[in-house]
Amino acid sequence: MFKLFPRWSTGSKSAAASAPMSASAQSAPGMRTENLCLFYGKTPAFRAVTLHFAAGQVNAIIGPSGCGKTSLLNCLNRLIELDVGTHLAGQVYLGEDRIQDIPLWQLRRRVGMLFQRPSPFPLSIYRNLAFPLREHGLRDRQQQRRQIQQALEDVGLWAEVKDRLQSPAQALSGGQQQRLCLARALVLKPQVLLMDEPCSALDPIASEVIEDLIRRLRGQYTIVIVTHNLAQASRVADRVAVFWQHQGVGQLIEVGPTQDIFEAPQHPLTQAYVSGQRG
Ligand SMILES: Nc1ncnc2c1ncn2[C@@H]1O[C@H](COP(=O)(O)OP(=O)(O)OP(=O)(O)O)[C@@H](O)[C@H]1O
């Protein structure tokens, strides 16, 4: 039997079972980093990132390849710790709490993640969503069913799969699989959703469906999305952070409301990047 969340199981299972499953939309906290630096071994990936991800908003991270966008995203739920030899300095806060002080199982429940490639478990559609619920201590079958239906409805998948919930998830189309993965994150009722290039493996129509969902989820979750697609960032984001690599090290060069970043950027490199002259 494969073990899915080997590092999640630190902390108390009984506490997981008794913790409230839901966080109300209005209470979704923001996240922020304070002077965050990441090293892979001795090599710095990014340096001195102080950045606020506004509560309930869609926060995009853009910038050329290699400037540390994915690495930063992976710091926000401590996934980065799975990379041997990484070293972090500085702090990350979820609301007022330092993420290091939040039990890992709770952090992973509060901060969900959607990856670049759809990654359903080799299980049925239904069990893809039941599995994380059980892992997080929800064993009541009726409540599981309710939450699973709700999550599938939230991603617009319920009508498409309700008659084949026991079919293998991997038989779904790529776009459906990505929506299933989003439902798998939502079923745990997180407060924050991290998305790493969530449309890059999808065709334009499936991408549009995901973008629509991101817009619909705005307000209910704090969303942080890494994207190479500048048009997508301008369509979905409320705020945009621009990263750049300086002497091989990623840096935050500008952050602001989406319109300002695309129409009146302050930093010359942002101007060059959004106009397509650089990057
Ligand atoms: N596991 C790792 N071990 C060592 N170095 C890494 C690792 N992951 C990323 N890096 C390095 O860290 C830097 C930032 O990489 P990262 O993938 O975070 O950038 P990115 O902006 O997301 O790039 P892309 O847009 O191409 O995905 C790069 O120099 C990369 O080679």
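Order of listing sets the numbers, starting from 1, for every ligand and every atom in it. Sequential numbering from 1 along the given sequence is applied to the chain's residues.
Comment: Glu197 does not engage Lys69 in a salt bridge, judged by the lack of any side-chain N to carboxylate O separation of less than 4.0 angstrom.
Side chain of Asn59 to main chain of Ile223: a donor-acceptor pair is present (N/O by atom type, distance under 3.5 Å, no hydrogens or angles). Distance alone, capped at 3.5 Å, is enough to place a donor-acceptor pair between the Thr33 side chain and the Val49 backbone. Here the side chain of Arg47 pairs no donor or acceptor atom with the backbone of Gly250 at under 3.5 angstrom.
Summary of contacts: the protein heavy atom closest to atom 27 (O) of ligand 1 is Thr70 OG1, 4.0 Å. The closest protein non-hydrogen atom to atom 10 (N) of ligand 1 is Tyr40 CE1, 3.3 Å. Taking atom 21 (O) of ligand 1 as the reference point, the nearest protein heavy-atom neighbour is Lys69 NZ, 2.8 Å. At the shortest separation from atom 19 (O) of ligand 1 among protein heavy atoms lies Gly68 N, 3.2 Å.
Atom 30 (C) of ligand 1 lies below 4.0 Å from none of the non-hydrogen atoms of the protein. Inside a 4.0 Å radius of atom 15 (O) of ligand 1 there is at least one protein heavy atom.
The neighbour count for Glu153 CD, taken as heavy atoms of other residues, nucleotides or ligands under 6.0 Å away, is above 12. In this structure, Arg278 places its CZ atom where only 12 or fewer heavy-atom neighbours from other residues, nucleotides or ligands lie under 6.0 Å away.
Within the 4.0 Å heavy-atom criterion, neither part of Glu197 lies near ligand 1. Here Asp83 has side-chain heavy atoms under 4.0 Å from ligand 1, and that is the only part of it that gets that close.
Judged by the 6.0 Å distance and 45° axis criteria, Arg32 is positioned over the aromatic ring of Tyr93. For Arg164 and Tyr126, the positive end is not near the middle of the six-membered ring at less than 6.0 Å and at most 45° from its axis.
Which of Ser65, Cys67, Gly248 comes nearest to atom 26 (O) of ligand 1 through a heavy atom is settled by distance: it is Ser65.
Using a 4.0 angstrom heavy-atom cutoff, Gly66 counts as in contact with ligand 1.
Heavy-atom proximity to Ser71, at under 4.0 Å, picks out these atoms of ligand 1: 14 (C), 15 (O), 16 (P), 18 (O).
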